[in-house]
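As structure tokens, the structure follows; a few thoughts come after it.
Residue numbering restarts at 1 for every chain, and letters A, B, ... go by the order of the sequence lines.
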Amino acid sequence: MNGGVLERVEAYGKHLFYWWEGSLVLHVHLGLYGRFQNHRSPPPDPRGAVRLRVIGSQHAFDLNGPAACEVMQPADRDRIAARLGQDPLRKDADPDVAWDRIRRSRTAIGTLLLNQSVIAGVGNVFRSDVLHALKIHPERPGQSLDRTQFDQLWQTLQRMLRTGVKYNRIVTADPVEVGKTPGRMRREERLLVYKKHSCHNCGQAIDSWKLGARTIYACQRCQT
DNA sequence: AAGAATGTTATGTA
DNA sequence: CTACATAACATTCT
């Protein structure tokens with residue numbers, strides 16, 4: 001990559017693609033614990049699993065512990081993109097494609113939301129919180145949602161994901177209700193149900209169980 | 001210091 | 001073909 005020109009950076013779901021002059025693509029997926037860390041130049045000695053280090057005259061950054069950090073061809077990128085579902089943040093997203101998938105499925109909506117080939121970009125925090133925001137029970141089959149609910153789901157995800165990009169952190173709670181800007185909200189104030197103990201609507205204890213191989217959080221009274 | 005975690009993929013089963 | 005449980009992978013944090 002030394003001396004190359006970065007032409008553009010593309011996000012598709014949780015995948016990042018850095019397009020370099022000369023048809024090389026750097027593919028990055030942060031996975032569970034990947035992290036970008038900024039430094040001033042010159043950067044300190046690498047700490048932990050540094051897979052990529054970029055050094056400029058003023059600034060530098062490391063990429064620590066990503067699930068993927070590899071150079072590939074555009075065709076490889078296309079293969080990855082082809083197995084992803086619609087990404088609510090992308091201009092080319094077609095919600096009807098996602099709706100078609102969900103309306104035909106007997107699988108729980110909580111499981112569908114984690115399936116990156118249905119909707120790309122939603123993770124374990126967003127799936128719990130978006131379902132709580134819409135008062136939809138995670139075990140409801142995709143089939144049981146109506147179009148209005150799906151539209152709300154799509155819209156709310158768009159809003160939540162955009163907020164995440166803007167503030168570089170997950171903020172699913174309503175800042176107006178909390179009375180703070182998203183940037184100033186404390187960790188516990190930012191989320192709706194994920195890892196919470198009681199429901200902020202009704203006060204009932206939040207339930208958590210395994211759904212789709214991960215822990216989901218929901219209010220059994222509010223979410224039906 | 002064992003275990004959970006803001007995740008994905010491969011594999012086996014039904 | 002779909003659905004889905006499970007394991008494997010790999011790093012960080014508590």
Spacing of [X] atom [atom1] relative to [N] atom [atom2], expressed in whole Å:
{"X": "A:Asn64", "N": "B:dA5", "atom1": "CG", "atom2": "P", "value": "22 Å"}
{"X": "A:Arg127", "N": "B:dA5", "atom1": "CZ", "atom2": "P", "value": "11 Å"}
{"X": "A:Ile102", "N": "C:dT2", "atom1": "CD1", "atom2": "P", "value": "16 Å"}
{"X": "A:Ile216", "N": "C:dC4", "atom1": "CD1", "atom2": "P", "value": "14 Å"}
{"X": "A:Leu32", "N": "B:dT9", "atom1": "CG", "atom2": "C1'", "value": "13 Å"}
{"X": "A:Tyr12", "N": "B:dT8", "atom1": "OH", "atom2": "C1'", "value": "17 Å"}
{"X": "A:Leu16", "N": "B:dT8", "atom1": "CG", "atom2": "C1'", "value": "15 Å"}
{"X": "A:Leu191", "N": "B:dA5", "atom1": "CG", "atom2": "P", "value": "14 Å"}

Kindly say whether [Y] contributes a backbone atom to a donor-acceptor pair with the side chain of [X] at under 3.5 angstrom?
{"X": "A:Arg101", "Y": "A:Leu112", "result": "no"}
{"X": "A:Ser208", "Y": "A:Thr215", "result": "no"}
{"X": "A:Ser41", "Y": "A:Gly56", "result": "yes"}

Kindly say if [X] contacts the phosphate of [N], meaning a side-chain N or O under 4.0 Å from OP1 or OP2.
{"X": "A:Gln116", "N": "B:dT8", "result": "yes"}
{"X": "A:His29", "N": "B:dG7", "result": "no"}
{"X": "A:Arg83", "N": "B:dT9", "result": "yes"}
{"X": "A:Ser105", "N": "C:dA3", "result": "yes"}
{"X": "A:Arg214", "N": "B:dG7", "result": "yes"}
{"X": "A:Thr215", "N": "B:dA4", "result": "no"}

Step-by-step side chain to side chain contact (heavy atoms under 4.5 Å, CB included) determination, A:Arg77 to A:Ile80: CA-CA 5 Å; A:Arg77 172 268 173 215; A:Ile80 291 171; 5.8 Å; no
Among B:dT8, C:dT12, B:dA5, the nucleotide that comes nearest once only the side chain of A:Lys14 is considered: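 In terms of side-chain proximity for A:Lys14, the closest of B:dT8, C:dT12, B:dA5 is B:dT8.
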A:Asn124 side chain, from C-beta outward: closest of C:dC4, B:dG7, C:dT12: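 Within the option list, the nearest is B:dG7.
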N/O donor-acceptor pair, side chain A:Tyr33 with base B:dA5, under 3.5 angstrom: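 Per atom types, no contact qualifies.
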Whole-angstrom distance between C:dC9 and B:dA1, as gauged at atom P: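 My reading of the P atoms in C:dC9 and B:dA1 gives 24 Å.
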Pairwise P distance for B:dG3 and C:dA8, with rounding to whole Å: 16 Å
B:dG12 - base-pair partner by Watson-Crick or wobble geometry, distances under 3.5 Å: C:dC4
Sugar-phosphate, base or nothing in reach of A:Ala67, heavy atoms under 4.0 Å: nothing
Salt bridge present between A:Glu10 and A:Arg90 (N-O < 4.0 angstrom): yes
Closest-nucleotide 5' rank along DNA chain C - winner of A:Ala213 and A:Arg106: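 Residue closer to the 5' terminus by nearest nucleotide: A:Arg106.
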Criterion side-chain hydrogen bond (donor to acceptor under 3.5 Å, both in side chains) against A:Asn64, the qualifying member of A:Gln37, A:Arg47, A:Arg53: A:Gln37
